[in-house]
Amino acid sequence: MKERRKPRILARSFGLINLYMLVLGIESSCDETGIALYDTEHGLLAHALHSQVEMHAEFGGVVPELASRDHIRRALPLTELVLKNANKSLKDINGIAYTQGPGLAGALLVGTSIAQSLAFALNVPSVGVHHLEGHLLAPLLEANPPQFPFVALLVSGGHTQLMRVDGIGEYTLLGDTLDDAAGEAFDKTAKLLGLGYPGGPALAKLADSKLAEQGNARFKLPRPMLNSGDLNFSFSGLKTAVLTLVNNNLPLAVETKADIAWEFQEAVTEILTAKCMAALREAGLDNLIVSGGVGANIRLRERLNAATKKKLCKVSYPRLEFCTDNGAMIAFAGAMRLSAMQAKQQDYSFSVKPRWDLSELQKP
Ligand code: KG4
Ligand code: ZN
C-alpha cells in the first residue's frame, strides 16, 4: 500500500536523527512478512504485509517450519512491491533494518539472512531490531507523535508489559505478566469457545456484536490481580474460569458464547486500563502509548480513552494495521538507530535472538 506523508523532518523531532537515510525494514519474527520503506526526511513511504493466517488456520496455530518457508517466498516480492509503490529502486536504499528477535528462530533467520545479504550486496549498513522496540515505537509513526517520556503498554500475543520510556533504548520495566500474555489469553479463550485461530480478533468481534448482552452480564469472571498493589498481570486464572463456564453451559449456544466473550473482554480491558492508570500515577507521567496486537481492541481503546480523559492524560495508539506485526515499525526503529549511530558498518555476519529481553537494549 502506498503511504505518503507531508514532507517534514519527522524523525528529527525525536532528537536522534543525524543523517538522512532511506531504510528498508524487514519483519519476519512469526507469521507475518512485513516490508516497509522509511525515509528520515519524509516519513513512511510505503509498506506491505503478507499474513500467513490462512496457511496456519488448519493446524490451529503457527507451524514454525511452514512459517519460515513462507517468509522465503514472500520477502523479495514484497520488497519489490514496496520499492515500486514508493517509486524507488534498490540503489536508493541506504540502510536495512531487520527483526533480529525475539521470535521463531527459523522465521527470524529468513529475514535476517535476506537483510544481511542485501546490505552486503548494496554495501549499506544494517541493524538488527528488537521486535518489541518496533511495537513500542509504532505510535511514533503517526501524525503528532507522542513525546518522551511516556508509559507504554505493550500488549501482544507474547507480551503484556508496562514500560517507562525515556527515549529510544531507554526502557524501564514497570510491570509484566506472571503467566499468559493478554493476547494469548484472548486466543486460548477463543479456542475454548470454538472460535478458531487466530482467536483474539474473532472473540472481540463476537463480544462487540449484538449477540452479546452488553452491560447486563449473565456471567461474572474474576479480575485477577486488579488490586494486587503492583503493576503485574496474571491471565491464566481467567482462562480457567472461562473453561469452567464453558463446561457448565454445554452445548454452547451462540448467545452464550457471545456473553462469555463479552465478559471476558470486560475483565481483560478493565485490568489493563486500571494498571495503565496506576503506572502513569507511579511514574508521575501523563502520557500513555499502547501498542501490540491487543492494542487494536476497540473496547480497550474506549476504556483507555475515557480513563485518560478523566485524569487529563494523553493516550496514543498506532493505526490499527500497525498494532499487529508489520514492517513499518521495524523500518522506523531501525532508521532511528542507524541514523543516530551514523552507521558505518560493516560486518555482515549474523545471528538471531529468539529470546531477547527488551531491557538489554542500549541507547543508540
Ligand atoms: O503484536 P502481535 O501481532 O503479535 C505478537 O507480537 O504477539 O499480536 C497478536 C495478538 C494475538 O494474540 C491476537 O489474538 C491479538 O494480538 N489481537 C487482539 C485483537 N487483534 C489482535 N486481541 C484482542 N482484540 C483484538 N481486536
Ligand atoms: Zn508483535
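Counting starts at 1 for both ligands and their atoms, in listed order. For this chain, numbers begin at 1 and follow the sequence in order.
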| query | Cluster question for you: counting only ILVMFWY and a side-chain heavy-atom cut-off of under 4.5 Å, with indirect links fine, are Ile260 and Ile271 together? | reply | yes
| Thr256 side chain to Asn249 side chain, donor-acceptor N/O pair below 3.5 angstrom | no
| Identity and distance of the protein heavy atom lying nearest atom 4 (O) of ligand 1 | Asp325 OD1, 3.4 Å
| task | Name the closest protein heavy atom to atom 18 (C) of ligand 1, giving the residue it belongs to and the distance to 0.1 Å. | result | Gly293 O, 3.7 Å
| task | Check step by step if side chain to side chain contact (heavy atoms under 4.5 Å, CB included) holds for Gln161 and Val155. | result | CA-CA 7 Å; Gln161 295 185 331; Val155 70; over 6 Å; no
| Got a salt bridge between Asp230 and Lys275, using NZ or NE/NH1/NH2 to carboxylate O under 4.0 Å? | yes
| At a 4.0 Å cut-off, with the gap strictly under it, does some heavy atom of Pro201 reach an atom of ligand 1? | yes
| Going by the atom numbers of ligand 1, which of them fall below 4.0 Å from some non-hydrogen atom of Thr324? | 3 (O)
| request: Apply side chain to side chain donor-acceptor pair (under 3.5 Å) to the pair Arg303 and Thr269, showing each step before the final yes or no. | output: CA-CA 7 Å; Arg303 280 185 179 263; Thr269 55; 3.0 Å; yes
| query | In the protein, what heavy atom is nearest to atom 13 (C) of ligand 1, and what distance, to one decimal place, separates them? | reply | Asp187 OD1, 3.7 Å
| said: Suppose the criterion is ring pair (Phe, Tyr, Trp, His ring centres under 6.0 Å): which pairs have a residue in residues 87-129, not counting sequence neighbours? | reply: Phe120-Tyr348
| field | 4.0 Å heavy-atom contact, His131 with ligand 1 | value | yes
| Centroid separation Phe235 to Phe186 less than 6.0 Å | no
| request: Please determine if Gly199 has a nitrogen or oxygen closer than 3.5 Å to a nitrogen or oxygen of ligand 1. | output: no
| query | With a 4.0 Å cut-off on heavy atoms, does His135 reach ligand 1? | reply | yes
| Electrostatic pair Asp259:Lys257 at N-O distance under 4.0 angstrom | no
| The one among Asp31, Leu320, Asn297 that brings a heavy atom closest to atom 25 (C) of ligand 1 | Asn297
| said: Among all the protein's non-hydrogen atoms, which is closest to atom 10 (C) of ligand 1, and how far away is it? | reply: Gly157 N, 3.5 Å
| said: Below 3.5 Å, N or O to N or O, backbone or side chain included: is there any such pair between Gly183 and ligand 1? | reply: yes
| request: Identify, by atom number and element, the atoms of ligand 1 in contact range of Gly158, meaning under 4.0 Å from any of its heavy atoms. | output: 7 (O)
| query | Should the proximity of Ala204 to ligand 1, defined as any heavy atom under 4.0 Å, be assigned to the side chain, the backbone, both, or neither? | reply | side chain
| task | For Gln147 and Asn287, test the side chains for any donor-to-acceptor distance below 3.5 angstrom and give the result as yes or no. | result | no
| message | ring-ring contact (aromatic ring centres under 6.0 Å, His included), that's the test. Do His47 and Phe322 meet it? Break it down for me. | response | CA-CA 10 Å; His47 66 98; Phe322 293 164; 4.8 Å; yes
| Would you say the side-chain atoms of Tyr20 and Asp39 include a donor-acceptor pair closer than 3.5 Å? | yes
| query | Is it true that the side chains of Asp325 and His131 contain a donor and an acceptor less than 3.5 Å apart? | reply | yes
| query | Which residues and atoms, protein N, O or S only, are under 2.8 Å from the Zn ion (ligand 2)? | reply | His131 NE2, His135 NE2, Asp325 OD1
